[in-house]
Amino acid sequence: ESPALIHAHFFNDGIDALEVGHRLDIPLVTTLHGHDITKHENARAGRRLFDRVDRVIAVSNFIAEQALARGCPEHKLVQHYIGIDLQRFSQLKQETEHPSLLFVGRLVEKKGCTYLLQAMARLQARYPELQLTIIGSGDLESTLRREAAERRLNVVFAGTASAAEIRAQLARSWLFVAPSVTAQNGDAEGLGMVFLEAQALQTPVVS
């Protein structure tokens, strides 16, 4: 193939690509996205990657700060946002008749969905017709379903969905809502692409 450069997405893939880059004698660029640099377990391996990689791309200012804190040389670091193809988000905004909220994401600790359910309990008392749709699956799904049932919330757990289905839901929803926390293992949000997708469809974002 005669490559001129290796671009590895995520920290661990950068580690794996080091030897390939060395054998081919070509530059290695690694993009950091979120959990790959914030989780505690990656701290020790950082020096090996940062010493040998030619350039590190961070997808947000927060991730750039995390990389610097873990030993990435400043002269190797570039902060560059990932974009989306706006032509794929051209459908008209057609909101539901009654107020509706949408959450899209993995049902794991860092997504903070339990806080969304707490907020929903307060909102539903003021707006009885309000409905929250949760798209996604994960380790906390059964816990969140139980919490929603105990609080008697008007919540629909829609499971996983295709990109087209998510775009359609975003176009119908009054608001896109996405809490976020730092998990106990350090896992934190880098740049949620669905935030950009919601904005591209002119759906307001609360985060």
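Within 6.0 Å of CZ on R52 lie more than 12 heavy atoms contributed by other residues, nucleotides or ligands. Around CG of D85, the count of heavy atoms belonging to other residues, nucleotides or ligands within 6.0 Å exceeds 12. Applying the 6.0 Å contact sphere to CD of E19 captures more than 12 heavy atoms from other residues, nucleotides or ligands. Under a cut-off of 6.0 angstrom, the local environment of CD in Q91 is crowded, with over 12 non-hydrogen atoms contributed by other residues, nucleotides or ligands.
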K111/E189 under salt bridge (Lys or Arg N to Asp or Glu O under 4.0 Å): CA gap, chis, key distance, verdict: CA-CA 8 Å; K111 296 297 185 178; E189 198 81 62; 3.0 Å; yes
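If you look at F103 and F176, their ring centroids are not closer than 6.0 Å. Aromatic rings of H33 and H35 (six-membered ring for Trp) have centroids beyond the 6.0 Å cut-off, not under it.
The shortest non-hydrogen separation linking L28 to A8 is CD1-CB, 4.2 Å. The nearest pair of heavy atoms linking P204 to W174 is CD-O, 3.4 Å. Nearest approach of A198 to V205, heavy atoms of both residues: CB-CG2, 3.8 Å. Nearest heavy-atom pair, D51 versus K76, reported as atom, atom and distance to 0.1 Å: O-NZ, 3.2 Å.
Of the candidates L49, I15, I37, L49 is the only one forming a side-chain contact (heavy atoms from CB on, under 4.5 Å) with T30.
Cation-pi geometry between R167 and F89 is satisfied (NZ or CZ under 6.0 Å from the ring centre, within 45° of the ring normal).
A donor-acceptor pair under 3.5 Å is absent between the side-chain atoms of S100 and the main chain of T96, judged by distance alone. The main-chain N or O of Q184 is found under 3.5 Å from a side-chain atom of E109 such that the two form a donor-acceptor pair. In this structure, K39 contributes its side chain and G34 its backbone to no donor-acceptor pair below 3.5 Å.
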Contacts table for residues 118-127: side-chain donor-acceptor under 3.5 angstrom, sequence neighbours left out:
| unit_1 | atom_1 | unit_2 | atom_2 | d |
| --- | --- | --- | --- | --- |
| Q124 | OE1 | N154 | N | 2.6 |
| Q124 | NE2 | R152 | O | 3.0 |

